[in-house]
Undergrad: 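Starting off with a structure, shown below.
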Amino acid sequence: MLENLFVAALLIIALLISDLRNFKQADTKTKAAYVLLLLPATYLSILFIFHLSWPNIGSLSRLIYGWPAKQLLALLK
Amino acid sequence: MSSQHSTITITQLACLLSAYSIGSAIVFIPNPLTAAAGNDAWLCVILAYGFGMLVLACVLYLHGKHNGQNLIAYCRSLIGNPLTLLVSIPIVCMLFFAISAINSSIGDFFTTVMMDQTPPYVFHSIGIILAALTSRAGIKIAARMFLLLLVIMILFSISVILLAIPVYHPSYLLPFFDHGFKPVTHGFFIAAGFPFGEICFFSMLLPFAVSSYQQELNKKLYIAFSFTGFILLISTISATMAFGPAAGFLNYSLYRLAIEIHIAELFQRVEAVIGIALILGSYMKATLLLMILNYVFIELLRIKDDKILLYPLALICIFLSATMFKSPADFQEQVYLIWPFSVLAIGCMLIFSLTIITWIKIK
């Protein structure tokens, strides 16, 4: 867990520091979009750090496409 | 969008198309096709290539009829802003999935065959950071660099295929339709989704080429896509001839083929070099998909700065790569069942629908 925490912190700090100047100069809409994209990044970083099996984009894809895909596969097999 | 001032030549765009289509497919195809269709996997590639050409034809038709706009722009003009936003949600999710799956597969490849003591997050983070830095450099820089990387990847792949000739058994290609035609349709479904159907997203990058030469653009992109089909076809045929039915159980087919190369007791263990060359393709595809995702967001939100969202997108993709797949079986299901279905049902259907709407409006 500590190893993953260190890696996540390193990545987040490095990528955000390099964007700091551009973020300050950006307009309100861009700043809002930037912060909005950081929300899923934060959620996923928590999953990564604590090795959690919480819902992910894979489970969302399976929920939406899983049943029709399996029905199509049953037709093709 | 400030990058509209950044244009690339049509030849560079054609190379990007080849890099995008061959990309990660050269590493993973034909394993799933042979698992599905046995020795008829090469037929699946041909059929999927035909389907891909149809999608490409629609993409180029839309590009020509809408004055060189990208997918989101002409989607907005054809079906309105609210429907475009609605349709963009699954497209964005699919792009996140694709980038993360490619990145995850780079990590799996290295930790499986070369560096099994290294934690996968090393490859996940380096892969996406590289893709993000390349995207930030701009499409011009990426196009120039990818031309060279594409040549290296193709040269190494063809060298492996030619050097492995002594291990081929052409009899492994027979009999045709051993289990009927249904396995071929299953293989076609997989190949049509990955990689041939993914051309639907490439329409986001078409505006970067000089749009006044539509005929030349069409010709060169068709040639580039046909080249992709040729490379994947010979890769599939060579893997089938070398391993027969076992090709369905051996992943990283071209890498496994390289392991079999033994010439005069001196020329052996060349798989490390081909491994690096193969991963170049995955890196190029991840970079192009990240660019496409970035431009989708920029077009949807009408943001002026075309580089600012790259790092948050990269962060999401890094952590997605590390957490998305719970097991190899999960990877198999998501990449070879869910992904092809979503590409066909969402991406390709969107392109076909927009083509029909455009054709009706012009009539």
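In what follows, chains are A, B, ... by sequence order, proteins preceding strands, each numbered from 1.
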Undergrad: Which distance, rounded to the nearest 0.5 Å, do you find between the OH of A/Tyr34 and the CG of B/Leu301?
TA: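 Taking OH in A/Tyr34 and CG in B/Leu301, the distance rounds to 15.0 Å.
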Undergrad: Using a strict 4.0 Å threshold on nitrogen-to-oxygen distance, state whether B/Arg136 and A/Asp19 make a salt bridge.
TA: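 Salt bridge flag = yes for A/Asp19 with B/Arg136.
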Undergrad: Give me the ring orientation class for B/Phe319 and A/Phe48: parallel if the planes are under 30° apart, tilted from 30 to 60°, perpendicular past 60°.
TA: tilted
Undergrad: Tell me whether A/Lys29 contacts the main-chain N or O of B/Ile303 through its side chain, where contact means a donor paired with an acceptor under 3.5 Å.
TA: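 Between the backbone of B/Ile303 and the side chain of A/Lys29 there is no qualifying donor-acceptor contact (under 3.5 Å).
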Undergrad: Identify which of B/Val184, B/Ile316, B/Leu344 forms the greatest number of heavy-atom pairs closer than 4.5 Å to chain A.
TA: B/Ile316
Undergrad: Quick one: pull up CZ in B/Arg302 and OG1 in A/Thr30 and give me the separation to the nearest 0.5 Å.
TA: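 Result: 13.5 Å between the selected atoms.
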Undergrad: Given that the side chain runs from C-beta out, which part of A/Leu47 has a heavy atom under 4.5 Å from chain B: side chain, backbone, both or neither?
TA: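 Both parts, backbone and side chain.
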Undergrad: Taking every non-hydrogen pair under 4.5 Å, which of B/His179, B/Glu333, B/Met324, B/Lys326 racks up the most with chain A?
TA: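 Of the candidates given, the most pairs with chain A belong to B/Glu333.
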Undergrad: Heavy-atom pairs under 4.5 Å with chain A: which of B/Phe96, B/Trp339, B/Tyr121 has the most?
TA: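 Heavy-atom pairs under 4.5 Å are most numerous for B/Tyr121.
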Undergrad: Contact part of A/Ala26 toward chain B, heavy-atom cut-off under 4.5 Å: side chain, backbone, both or neither?
TA: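 Just the side chain, heavy atoms under 4.5 Å.
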Undergrad: For a 4.5 angstrom cut-off between non-hydrogen side-chain atoms, does B/Met94 reach A/Ser61?
TA: no
Undergrad: Pick whichever of B/Phe189, B/Phe97, B/Phe325 has the most heavy-atom pairs under 4.5 Å with chain A.
TA: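 When all of B/Phe189, B/Phe97, B/Phe325 are compared, B/Phe189 has the most.
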Undergrad: From A/Phe23 CZ over to B/Asp305 CG, what is the distance, rounded to the nearest 0.5 angstrom?
TA: 12.0 Å
Undergrad: Quick check: closest heavy atoms across A/Leu38 and B/Pro312, and the distance to 0.1 Å?
TA: CD2-CB, 4.4 Å
Undergrad: So which part of B/Tyr311 gets closer than 4.5 Å to some heavy atom of chain A, the side chain, the backbone, both or neither?
TA: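 For B/Tyr311, heavy atoms of backbone and side chain both lie under 4.5 Å from chain A.
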Undergrad: Please flag which part of B/Pro340 lies under 4.5 Å from any non-hydrogen atom of chain A: side chain, backbone, both or neither.
TA: neither
Undergrad: Going from CD1 on A/Ile57 to CD on B/Gln334, what distance comes out if it is rounded to the nearest 0.5 angstrom?
TA: 9.5 Å
Undergrad: Counting heavy-atom pairs closer than 4.5 Å to chain A, which one of B/Ser342, B/Cys317, B/Ala322 comes out on top?
TA: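 Of the options given, most contacts go to B/Ser342.
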Undergrad: For side-chain contact (heavy atoms from CB on, under 4.5 Å), just list the numbers for B/Ile346 and A/Tyr65, CA-CA rounded to whole Å, side-chain angles, deciding distance to a tenth of an Å, and then say yes or no.
TA: CA-CA 10 Å; B/Ile346 305 294; A/Tyr65 305 115; 3.6 Å; yes
Undergrad: Taking atom CD of A/Gln71 and atom CZ of B/Phe341, what is their separation to the nearest 0.5 Å?
TA: 10.0 Å
Undergrad: Before you tell me yes or no, could you show the steps for B/Lys307 and A/Asn22 under side-chain contact (heavy atoms from CB on, under 4.5 Å), namely the whole-Å CA-CA distance, both residues' side-chain angles and the distance that decides it to 0.1 Å?
TA: CA-CA 9 Å; B/Lys307 295 185 197 311; A/Asn22 293 335; over 6 Å; no
Undergrad: Quick check on A/Thr42 against chain B: is it the side chain, the backbone, both or neither that has a heavy atom closer than 4.5 Å?
TA: neither
Undergrad: Starting at OG1 of B/Thr323, measure out to CG of A/Leu52 and round the result to the nearest 0.5 Å.
TA: 10.0 Å
Undergrad: Do A/Arg62 and B/Asp330 sit within salt-bridge range, that is, some charged N less than 4.0 Å from a carboxylate O?
TA: yes
Undergrad: A/Leu73 versus B/His186: any side-chain heavy-atom pair under 4.5 Å?
TA: yes
Undergrad: If we only count heavy atoms from C-beta on, is the A/Ile64 to B/Ile338 side-chain gap below 4.5 Å?
TA: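 They are not in contact (no side-chain heavy atoms under 4.5 Å apart), so the answer is no.
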Undergrad: For the CZ atom on A/Phe6, are there more than 12 heavy atoms of other groups (residues, nucleotides or ligands in this structure) within a distance under 6.0 Å?
TA: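 Not more than 12 within 6.0 Å, no.
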Undergrad: By a 4.5 Å heavy-atom criterion (distance strictly below it), what part of B/Leu310 contacts chain A: side chain, backbone, both, or neither?
TA: neither
Undergrad: Evaluate the side-chain contact (heavy atoms from CB on, under 4.5 Å) criterion for residues A/Leu37 and B/Leu315: first the C-alpha distance (whole Å), next the side-chain angles of each, then the deciding distance (0.1 Å), finally the verdict.
TA: CA-CA 9 Å; A/Leu37 284 175; B/Leu315 260 181; over 6 Å; no
Undergrad: Examine whether an atom of A/Ala14 lies under 4.5 Å from a heavy atom of chain B, and if so say whether it belongs to the side chain, the backbone or both; otherwise answer neither.
TA: neither
